[in-house]
Number of protein chains: 2
Amino acid sequence: MAEIIKTDIYPSMVVSDEKNKVKAIEQITIGKQLKEIRTKSKLTLEEASKLTGLARSTLSKIENEQISPTFAVMQKLAAGLSIELPQLFTKPNAMQATGRRDVTRTGQGMEHLTSTYEHELLATQLSNKKMMPYKSRVHARSFDDFGEWVRHQGEEFMLVLEGEIQLLTEFYEPVNLTQGDNVYYDATMGHLVVSVSEEDALILWVTTD
Amino acid sequence: MAEIIKTDIYPSMVVSDEKNKVKAIEQITIGKQLKEIRTKSKLTLEEASKLTGLARSTLSKIENEQISPTFAVMQKLAAGLSIELPQLFTKPNAMQATGRRDVTRTGQGMEHLTSTYEHELLATQLSNKKMMPYKSRVHARSFDDFGEWVRHQGEEFMLVLEGEIQLLTEFYEPVNLTQGDNVYYDATMGHLVVSVSEEDALILWVTTD
DNA sequence: CCTAAAAGTTTCCAATAGGAAACTTTTGTT
DNA sequence: AACAAAAGTTTCCTATTGGAAACTTTTAGG
């Protein structure tokens, strides 16, 4: 029974059999992508050839998906055309928005409750964003309310909107932050936030993956 | 005269001659990277072979940099090992931080003044971040204070901290936003912010590249 | 230690990528 | 429309990749 796996950000359709052995991969973009980059830069195959050190024929075959370039060739392409390597196989507009702008009024975000935080997700109308913004009301008062470190991929920016919080992190001493204070950290490091004010504190979080 | 070019995020050492023709590329990571991913996942070559559908020998040769895998093979690796493709050639920690956490107290950011905005850059101790956070005091009162649209790569998140602003964008009607309101938009679309309150408004911006 | 099994590497060969040149298509000029 | 020049594609060949199996190294028991 063949199964289709689709990855999130760098999509590639993969067909696997019942033993989870990859049988075929539907090559999606690299040829079209390269052609688009080259034509948008107003380059001919000849010029691209000079810039990359690759043969005109090779470029043509890659663009027409007749061959799968080696990593070494991909590096030459990226360097020669002055682009980042992932551009060769990533759809340029990651943000596939319903619109291209999304306003969230105070209190109008999407609620997401946990025992320790009350999250209000922002800009939820836009998918495939590079950042995930949300406001959180902090219920927690101590590490024990969590039981263990929070830890995930990406980087995180946090700004205190109301009240006073304490940021606990795996490799640092705790810090107290009040309204207007903010912090940027690597989210793979254990971290969590507790309120030290009478009322629950309110913070803004912006996260990447 | 050979020249060394070093790209920023996806480093690759490229040796070019005086005609800008790429002569050689110093392969950096793909082998080591794969080996690290596999060993960290506690997989043997045999197991990785089953997952990816690639021969044990092929995996070994890639890990020892004896061959340069084709893009098709790289896709199989990513799919089989459940990773995103760029992980194969990107140093995992893009954020090369002085530390791995950076607190900015209210008013302690780095000043950057323009005629229309007064920016306070945050978390400036960390380099190579994925996000650029800053607070801005908005002096501008109309489009004419700018003369033209602001427009740049990436996505932008904006939250109003104090006062009331109007967000002007190329493809939408202006919107007024007050404290707590926020917006997420594609920064390649022309955009700018003016204050509509008596005093200058204060906003938070978080930007990606 | 010695041996057996597992993990990793190398060899050999078939399949395919990449380069040079021939060929075809497109573009632009008269 | 005819022609020339430029751009793009295909062919042919060599170099290199990827797979199967042989070989070597490492790990675990006794």
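Everything numeric in this text was worked out from a predicted model, so none of it was measured. Chain naming here is simple, since letters A, B, ... match the order of the sequence lines and numbering starts at 1 in each.
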Nucleotide nearest [X] (side chain, heavy atoms from C-beta), chosen from [options]:
X: A:A55; options: C:dG19, D:dT10, D:dG19; value: C:dG19
X: B:V73; options: D:dG18, D:dG8, D:dA22; value: D:dG18
X: A:T70; options: C:dG18, D:dG18, D:dT10; value: C:dG18
X: B:K61; options: D:dG8, D:dG19, C:dG19; value: D:dG19

Rounded interatomic separation in angstrom, taking [atom1] from [X] and [atom2] from [N]:
X: B:K76; N: D:dG18; atom1: NZ; atom2: P; value: 9 Å
X: A:E63; N: D:dT10; atom1: CD; atom2: C1'; value: 15 Å
X: A:L59; N: C:dA17; atom1: CG; atom2: P; value: 15 Å
X: B:I62; N: C:dT9; atom1: CD1; atom2: P; value: 13 Å
X: A:E46; N: D:dT9; atom1: CD; atom2: P; value: 14 Å
X: A:I67; N: D:dG8; atom1: CD1; atom2: P; value: 17 Å
X: A:L54; N: D:dG8; atom1: CG; atom2: P; value: 16 Å
X: B:L34; N: D:dG18; atom1: CG; atom2: C1'; value: 15 Å

Working for side chain to side chain donor-acceptor pair (under 3.5 Å), residues B:E156 and B:T207: CA-CA 5 Å; B:E156 213 152 78; B:T207 303; 3.1 Å; yes
Mutual orientation of the aromatic rings belonging to A:H152 and A:H191 [parallel < 30°, tilted 30-60°, perpendicular > 60°]: perpendicular
Parallel, tilted or perpendicular: ring planes of A:Y117 versus A:W205, cut at 30 and 60 degrees: perpendicular
[N] phosphate, OP1 or OP2: any side-chain N/O from [X] under 4.0 angstrom?
X: A:S60; N: D:dT9; answer: yes
X: A:N64; N: D:dG8; answer: no
X: B:R38; N: C:dG8; answer: yes
X: B:Q66; N: C:dT9; answer: no

Donor-acceptor pair present, A:K35 side chain and D:dG8 base, under 3.5 Å: no
Base C:dA20 to side chain A:S57, donor-acceptor N/O within 3.5 Å cut-off: yes
Most 5' of B:T39 and A:R56 on DNA chain C, judged by nearest nucleotide: B:T39
Taking every non-hydrogen atom, the tightest pair across A:L45 and A:S60: CD1-CB, 4.1 Å
Check: A:M110 main-chain N/O paired with A:T124 side-chain donor or acceptor under 3.5 Å: no
